[in-house]
Amino acid sequence: MTTQTISLLQEMIRNRCVNDGTPDSGFEHRSVKTLIDYFGRAGEIIEPHPGRQNLLYRIPGTHPGAPALTLLPHLDVVPVTEKSWRNDPFGGEIIDGYVWGRGAVDMLNLTAAMAAVFKRYLTGELPPLPGDLVFAAVADEEAGGRYGAGHLVEEHWDLVECDYLLTEVATPGFRTAAGLTLPVTVAEKGPAWRSLRLAGTPGHGSQPYRTDNALIGMAGAILQLANTPTPVDISPSWIEFITAIGLPGDLVARLIDPDLIDGAIDELDDPDFARWVHACTHLTVAPTLLEAGEKQNTIPDLGKASLDVRVTPGQDRATVDDMFRKALDPGLLERIEIIDDLDFPANESQAEGPLWDAIQAAANELAGPTTLVPMLTPVLTDGRFFRQRGVTAYGVGLFEDDMRFAGALSMFHGNNERVGVGSVTLTENLIDATVAQFGQRIGGEQ
Ligand SMILES: [Zn+2]
């Protein structure tokens, strides 16, 4: 069974379902075909754009009204810079015990594990759960889900309707004196994307003195934003997370103190971990696009910039507005137009209830005494569409000790993405035990 799961993962990597953000990329129909062949039976296909296929199955529960569980993996992956990889990013090769390729940790490992577990219910090897069990392998997660989970929730809610959901993000845990501390993704930050526009006055590039150059103004604004510390949010779940992962006590004390945290992050050695800690506790601003001018000998009269701004569950639009007021000097603030491009609130599920308890029991069974900790992810996942409908959505996996938390983070969308064969098996076993435990726990609920 494990061999089949690994073969499935390898084939999905080789399918190159690369989503570059354009409608005609993605090619998820390739992995939909792979999954149908693997399951040996047809499912429902929703294709909002040619090639952008989503594959769905629903196994009715035995107790009408019992809570439903959906497994929601995505099929698409992000592009690669091929020359920066040590091995073929779409070869799906097994080298020294690792499956190599784009998607190995984001998230085809989980997709393969969830498919392996679901197949046992689909083929009748395992009896149905009290509530419905849904499998929805979706397109377009990596570009916002408009052909995938977003489309399904808006247009086909009856197909994906559920009370509980398993999706991403799955990360390795931490070994502490007390045993394994395993993060469960329960929350994600919200995008508050903004564009800036600044008008100047055109002039001849040969005489720049005292001109109103929009490029210089916009460059100044970007630097002010980059150099101003952003608002901190120390949430109860952050405190629970950072306290449980085995860091020295004095460091933890500073990482939960809004006044000391920035200095403490500066001192963290591992840049991947520092970046994560910063993002989980701050409003972040990343300038991503800059545009001005049309001709090399003309003073530009318009500057445009795009910012990827993200807020925590404790922050909102007012926090964003306030950040701009503090960062930009009053003269610039008055002249710059700030445009809302995208606002999706940060969202969070409670770390309690039958699915949480099921993961806890499954982890104890497979990894010994385990402390589950709620984790916020700074990235967008498909979980957000479901949390908005009141669904409890988590992401979790289980990895061998050779995969470390920060090391795995750097592989998401990074070079040399790979996952240990043993880790895929552990994740499959965790999902398997979690679904079974969930079924036992909701047996009596109506
Ligand atoms: Zn992903």
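FYI, the numbering just counts along the sequence from 1. Start at 1 and go down the list; that is how both ligands and their atoms are numbered.
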**OP:** Could you name all protein N, O or S atoms found under 2.8 Å from the Zn ion (ligand 1)?
**Re:** His74 NE2, Asp106 OD1, Glu168 OE1, Glu168 OE2
Original post:
Do Ser25 and Asp20 meet the criterion of a side-chain donor-acceptor pair at a distance under 3.5 Å?
Top reply: yes
**OP:** Starting at CG of Asp106, measure out to OG1 of Thr111 and round the result to the nearest 0.5 Å.
**Re:** 9.0 Å
**OP:** Mind checking the CG-CD spacing from Leu35 to Glu28? Nearest 0.5 Å is all I need.
**Re:** 12.0 Å
**OP:** Verify side-chain contact (heavy atoms from CB on, under 4.5 Å) between Arg310 and Leu380, making sure each step is shown before the conclusion.
**Re:** CA-CA 10 Å; Arg310 307 223 180 186; Leu380 292 179; 3.7 Å; yes
Original post:
Any idea how Phe385 and Phe344 line up, ring-wise: parallel (<30°), tilted (30 to 60°), or perpendicular (>60°)?
Top reply: perpendicular
Subject >> Side-chain heavy atoms of Leu8 within contact of Thr34, under 4.5 Å >> reply: yes
